[in-house]
Amino acid sequence: MVKEIVYFAAISISILSFVLIGTCTYNSVFAQGDKVQASIVYGASSLTDTAYSPNPIEASINQTVVWTNDDFTFHTVTSGSAGAVDAGKAFDSGLASPTALSSQGKTFEHTFDTPGEYPYFCILHPAMVGTVIVT
């Protein structure tokens with residue numbers, strides 16, 4: 001009888017753990033209200049399409065994407081692609097503005113009011129690329 005109670009308790013704790021872990025993971029990755037959270041991951045300057053997470057970012061019209069620099073290196077979030085004449089026209093965290101992602105923990109946000117696909121990159125590390133898909 002005692003073995004059965006211990007077995008039942010172990011199974012119950014395991015199931016509860018999976019439910020709690022799944023709930024915490026969901027909240028950290030997906031849209032929360034009117035904002036979508038994104039990260040510039042640690043070591044991003046040596047990465048390409050995995051430097052920004054998630055990639056692609058999925059947002060709705062009038063939703064704000066908030067990028068957080070989780071790296072120790074200065075980065076940018078700049079619309080377009082490296083060398084394009086329209087680079088930075090839609091959005092740009094900049095190199096010297098108050099929105100510059102100059103250190104770990106700094107954030108930049110942009111609200112998307114038009115549907116479409118928005119490629120972006122880091123001016124300082126042009127191999128770092130991402131896409132925002134707005135529907």
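Note that the structure is a prediction, hence the values are computed from the model and not measured.
No side-chain heavy atom of V77 sits under 4.5 Å from any side-chain heavy atom of D92. In this structure, V66 and Q37 have side chains that are in contact, with non-hydrogen atoms separated by less than 4.5 Å. Using a 4.5 Å heavy-atom threshold, the side chains of I57 and Y120 count as touching. Residues T50 and V41 are not in side-chain contact: their nearest non-hydrogen atoms beyond the backbone lie 4.5 Å or more apart.
Between Y118 and F91, the angle of the ring planes lies from 30° to 60°, which puts this pair in the tilted group. Between F112 and H110, the angle of the ring planes goes over 60°, which puts this pair in the perpendicular group of the 30/60° scheme.
Atoms CD and CD, on E109 and Q63 in that order, are 12.0 Å from each other to the nearest 0.5 Å. Rounded to the nearest 0.5 Å, atoms OG (S39) and CH2 (W67) are 12.0 Å apart. Here the straight-line distance linking atom OH of Y42 with atom OG1 of T73 works out to 8.0 Å at 0.5 Å rounding. Going from atom OG1 of T107 over to atom CD1 of I40 covers 10.0 Å, rounded to the nearest 0.5 Å. Here F74 contributes atom CZ and H125 contributes atom NE2; the two are 10.0 Å apart, rounded to the nearest 0.5 Å. Expressed to the nearest 0.5 Å, how far CD1 of I123 lies from OG1 of T78 amounts to 3.5 Å.
The two atoms that bring I133 and E117 nearest to each other are CG1-CG, 4.0 Å, heavy atoms only. Between A38 and V65, the shortest heavy-atom distance links the atoms CB-CG1, 4.3 Å. Contact record, P115 with I61: CD-CD1, 3.7 Å, taken as the closest heavy-atom pair.
T68 places no side-chain N or O within donor-acceptor distance of the main-chain N or O of G105, the cut-off being under 3.5 Å. Judged purely by atom type and a 3.5 angstrom limit, D71 uses its side chain to pair as donor or acceptor with the backbone of G43. Panel note: side chain N55, backbone T131; a donor-acceptor pair is recorded below 3.5 Å. Of the possible donor and acceptor atoms, one in the side chain of S79 sits under 3.5 Å from a partner among the backbone N and O of A90. Judged by distance alone, the side chain of S97 and the main-chain N or O of G94 form no donor-acceptor pair under 3.5 Å.
Neither M128 nor L95 shares a network with the other; the hydrophobic side chains, linked directly or stepwise wherever heavy atoms of I, L, V, M, F, W or Y lie under 4.5 Å apart, form separate groups for each. There is no path of hydrophobic side-chain contacts, each under 4.5 Å, that joins L101 to V129. Follow the hydrophobic side-chain contacts under 4.5 Å out from Y52 and you reach V134 in the same cluster.
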